[in-house]
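Keep in mind it's a predicted model, so treat the numbers as computed, not measured. A, B, ... follow the sequence lines: proteins, then strands. Residue 1 opens every chain.
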There are 2 protein chains.
Amino acid sequence: MAEYTIKEVSEMFSLPASTLRYYEEIGILTNIPRNSSGNRVYQECHIARLRTICCFKNTGMSMAQLQAFFSYECSNEDHVEDIIRLLAEHKDSLAKKIEQLQRDYIHVQRKLHFYQDIKKSRETQMQPPVWEDYKYQTFAENEGDGADGRS
Amino acid sequence: MAEYTIKEVSEMFSLPASTLRYYEEIGILTNIPRNSSGNRVYQECHIARLRTICCFKNTGMSMAQLQAFFSYECSNEDHVEDIIRLLAEHKDSLAKKIEQLQRDYIHVQRKLHFYQDIKKSRETQMQPPVWEDYKYQTFAENEGDGADGRS
DNA sequence: GTGCCACTTCAAGTATACTTGAAGTTAACA
DNA sequence: TGTTAACTTCAAGTATACTTGAAGTGGCAC
């Protein structure tokens, strides 16, 4: 079975070694055995858990929630209902978050088009655009930059 | 023209008044006039900017980047290129972020289905599921909970 | 006129998630 | 036999984004 040093895991996940030690300290990536020199030896199960940690963290879960999740998962008692509740709540909040980000993406896109058109209008001595015209507009995702974007 | 107290803006955006003062202090929501009693009077332009601040913050922009953006926007000098660069970079990073979140959403969904099936297997005295079976599976977004999810 | 509420400024404090530093150990290499 | 790199533990420090507290002002109801 594959085993990894802290440095290898650090590189694998682009996380500093200090962060991996921190995750162990706060109890979300635990039971890491040591070799004869006292160095951490990461195994496949730790890699799998770290993937889950990164996924959950990336999607906005706090350390406290991660601690709760893994305390349920590692407990001998039956916490399957708690796990399902936590995951279902996180899934729902994540779905909402993605929807909000998609709306925000459109806002950023509008701003970008607005300033690109300001630049164009200066180069061509045309009337500068007005933000009002962009406020409710959506733009196709063609990166060619050829389309005017205004009707 | 509509004017708002700090409390009204606070409620409008679900932000504590202290945060609005903080945004003024660090220079991202500035030029807020005071009435005869010295209280802040927010106008439409401040509401519009606050919407942009919330959008940018929500999509992961730091205060430092917001400061840069508005220092460009408010400057008399020609910073349109800088604004376009900043917005284009933010748009790209946001697109990547949304894609990553969609992948992470699938991971969360798999975990949820796995634990839901663990629960079902206990209720029906069936063999408990194995995580390996869920690792690469995708699930339709039907909330009915009727489908088994396993083939 | 006094109680109270919402506001003001300014300074200091806080939560989260790490990061850094000090001091020491181990193993490989010149 | 150094010495260099990579690791260890433990405590303290840091960045970001606010939040809280103290002390004071203004305007309105009773």
Side-chain angles (χ1 to χ4, degrees), chain A residues 3-43 46-47 49-71 90 93 97 104, chain B residues 3-43 46 49-71 86 90 93 97 104:
Chain A
E3 301 194 326
Y4 310 91
T5 66
I6 198 166
K7 197 179 191 187
E8 286 165 342
V9 179
S10 161
E11 282 162 6
M12 212 185 287
F13 285 86
S14 302
L15 287 173
S18 61
T19 301
L20 299 174
R21 292 190 196 102
Y22 171 69
Y23 286 172
E24 186 179 10
E25 192 190 326
I26 63 164
I28 62 171
L29 185 60
T30 47
N31 302 319
I32 300 156
R34 309 293 144 115
N35 64 13
S36 56
S37 329
N39 293 9
R40 286 168 180 80
V41 178
Y42 291 88
Q43 296 161 338
H46 306 112
I47 304 301
R49 170 165 294 197
L50 197 44
R51 259 194 289 273
T52 300
I53 291 170
C54 288
C55 164
F56 285 3
K57 249 193 55 71
N58 187 36
T59 52
M61 206 182 260
S62 69
M63 290 294 140
Q65 286 174 298
L66 277 163
Q67 283 173 325
F69 180 78
F70 291 120
S71 80
H90 188 61
S93 83
K97 185 177 216 157
D104 291 335
Chain B
E3 301 194 327
Y4 311 91
T5 66
I6 198 167
K7 197 180 191 185
E8 285 164 342
V9 179
S10 160
E11 282 162 5
M12 212 185 286
F13 285 87
S14 301
L15 287 174
S18 61
T19 301
L20 298 174
R21 292 192 196 100
Y22 170 69
Y23 287 171
E24 187 180 11
E25 192 190 326
I26 63 164
I28 62 170
L29 185 59
T30 48
N31 302 318
I32 300 156
R34 310 292 145 115
N35 65 14
S36 56
S37 329
N39 293 7
R40 286 169 179 80
V41 177
Y42 290 88
Q43 296 161 339
H46 306 111
R49 168 165 295 197
L50 197 44
R51 260 195 288 272
T52 300
I53 291 170
C54 289
C55 164
F56 284 3
K57 248 193 55 71
N58 187 37
T59 52
M61 207 183 258
S62 69
M63 290 295 139
Q65 286 174 297
L66 277 162
Q67 283 174 324
F69 180 78
F70 291 119
S71 80
L86 207 156
H90 188 60
S93 83
K97 185 177 213 155
D104 290 335

Under 4.0 Å between a side-chain N/O of A:Thr19 and OP1 or OP2 of C:dT19, yes or no? yes

Between C:dA17, D:dT19, C:dT19, which nucleotide has the shortest distance from any of its atoms to the side chain of A:Met63? C:dA17

Can you find a heavy atom in the side chain of A:Leu66 that is under 4.5 Å from one in the side chain of A:Lys57? yes

Is there a side-chain contact between A:Arg40 and A:Glu24 in this structure, where contact means two heavy atoms from C-beta onward sitting under 4.5 Å apart? yes

Do any side-chain nitrogens or oxygens of A:Tyr23 fall under 4.0 Å of OP1 or OP2 in C:dC18? yes

D:dA6 P sits how many Å from A:Leu20 CG, rounded? 16 Å

Short side-chain N/O contact to C:dT16 OP1/OP2 from A:Tyr22, under 4.0 Å: no

C:dA17 C1' sits how many Å from A:Phe56 CZ, rounded? 19 Å

Rounded to whole Å, how long is the line connecting atom CE of B:Met61 with atom P of D:dC18? 14 Å

Report the nucleotide, chosen from D:dG27, D:dC18, C:dC18, that has the shortest atom-to-atom distance to any side-chain atom of B:Ser36. D:dG27

Considering only heavy atoms from C-beta outward, does the side chain of B:Ile6 approach that of B:Asn39 to under 4.5 Å? no

Would you indicate whether the side-chain heavy atoms of A:Arg49 and A:Thr30 approach each other to under 4.5 Å? yes

How about B:Met61 and B:Leu86: do any of their side-chain heavy atoms sit closer than 4.5 Å? yes

In this structure, which one of A:Thr5, A:Leu50, A:Leu29 forms a side chain to side chain contact (heavy atoms under 4.5 Å, CB included) with A:Tyr42? A:Leu29

Could you check if a side-chain atom of A:Lys97 sits within less than 4.5 angstrom of a side-chain atom of A:Thr59, using non-hydrogen atoms only? no

Whole-Å gap separating P (D:dC28) and CG (B:Asn35): 11 Å

Contact state string [nucleotides 4-12 of chain C, B base, S sugar-phosphate only, - no protein heavy atom under 4.0 Å]: --SSBB---

Given atom CD1 of A:Ile53 and atom P of C:dA17, what is their separation to the nearest angstrom? 13 Å

Rounded to whole Å, the CD1-C1' distance (A:Ile28 to C:dA17) equals 10 Å

C:dT16 P sits how many Å from A:Lys57 NZ, rounded? 13 Å

In this structure, how many angstroms lie between the C1' atom of C:dT19 and the CD1 atom of A:Ile26, rounded? 14 Å

